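The model shown is predicted, which means the values in this text are computed figures rather than measured ones. Atom set for the values below is all heavy atoms of this structure, side chains included, hydrogens, waters and symmetry mates excluded.
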Amino acid sequence: MAEVSPGSAALGLSTRTARVALVLVWATGLVQALLAGRFSVLGGAIGVLSYALPLLGAILVTSRRPGPLSRGAALMVLGGVLFVALSVLAFLDVTDRGASEIWLFSANSYLAALLIIRRNTLAGVAGAVGVLAFVVAWGTATGQRPEDLVELVAPGMSAALIGALWAGVLAVAVRRERAAAVRAEREQREARAAEAVASASRSEVAGILRLAGPPLSDLIAGRTIEAEFLRELTVVEGAIRDRIRAADLAHPRLERAIAGARARGAHVVLLGAEGAGGRPMPDALADAIIDVVEASAGITIQARGERPGGIVSILARLGDGPSVRILLDEEGQRVNGQIIGT
């Protein structure tokens, strides 16, 4: 079956490249805050946590584990998103477009979108809605202009919407690719099976032609159908019938013995077992059947059940005596003695 790479299974986030990219973005923002002297604006431990939690979130959402994050990891990212959003809003001057706090707020909001992309949909939606609710409440409480609030939340909300769309489209693409790969694999198996059947059929036809070719050539050449030629045709017809009807009783020495019996005028009928496998007949069993064939004036051989462990039933008329039924196991041993009957 088709395999999906770990990156595809997490929609591209479970890769080293994604992790390096997010960490570099975080590092750029941190350097910007340090150079601008804005790091202390958030105040002590809150400032440290406000920058550390997005880094932790970036590392978690780029976990190399395929598929969605575990529930614990997703909740940690969600908690960090909400904590940082509240912390930054407490110190944010929304009118200062170049403030590092605005960058931190936006970068932190993107983690909610990345959770959605990672297919932790509930956690991602909860983070995006929670950030939006905090901004609306903070803006209402502090009398912020609506357009400033829209500009503040627009990047994160847009990313969440685009992330959901991307996740949906890519998930559909992956499902289609998997379905196409499964179909292709099934078609290959069917083609191989059909080729095997065709090859076996060609081999069987070639074998039949090897048997039937010489007498057919004689007929075409105008050979008279006298008693000897009729026996030859009987032997060939029986051999062809055996190949079709009793392939599980095929054995080179047994085939020669049956051909000799038919050439002597013995009536030999082979009946194969239904659904018998392609396991070769053991030599010991073939030799035991040959012994009966060479002593019989008329014989019916029937394979009962599937081998291994199947029983070969032989109804034979030995000389001028009555018919007897002989049952042979895989080792050619008689399992019923010799039973008189018709």
Pairs of donor and acceptor atoms involving the side chains of residues 212-222, under 3.5 Å and at least two apart or interchain, shall be tabulated with distances.
from, atom 1, to, atom 2, distance (Å)
Ser217, OG, Gly213, O, 2.9
Asp218, OD2, Arg223, NH1, 3.2

Expected output: side-chain Trp103 to main-chain Gly29 donor-acceptor under 3.5 Å: no

Thr142 (side chain) donor-acceptor with Trp138 (main chain) under 3.5 angstrom: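 Such a contact is found between Thr142 side chain and Trp138 backbone.
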
Just wondering, do [Y] and [X] contact through their side chains at under 4.5 Å, heavy atoms?
{"X": "Leu111", "Y": "Leu56", "value": "no"}
{"X": "Ile314", "Y": "Ile289", "value": "yes"}
{"X": "Glu255", "Y": "Asp242", "value": "no"}
{"X": "Arg325", "Y": "Ser313", "value": "yes"}
{"X": "His251", "Y": "Ile290", "value": "no"}

Exceeds 12 heavy-atom contacts within 6.0 angstrom, atom CZ of Arg245: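 More than 12 heavy atoms, drawn from other residues, nucleotides or ligands, come within 6.0 Å of this atom.
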
ILVMFWY clustering at 4.5 Å (side-chain atoms), partners of Ile244: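 Via sub-4.5 Å side-chain contacts, Ile244 links to Ile208, Leu211, Val236, Ile240.
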
Arg262 and Glu237 ion-paired at < 4.0 Å: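 Answer for the salt bridge query: no.
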
Stepwise salt bridge (charged side-chain N to carboxylate O under 4.0 Å, His left out) test for Glu195 and Arg202: CA-CA 10 Å; Glu195 176 57 29; Arg202 288 192 296 267; 3.0 Å; yes

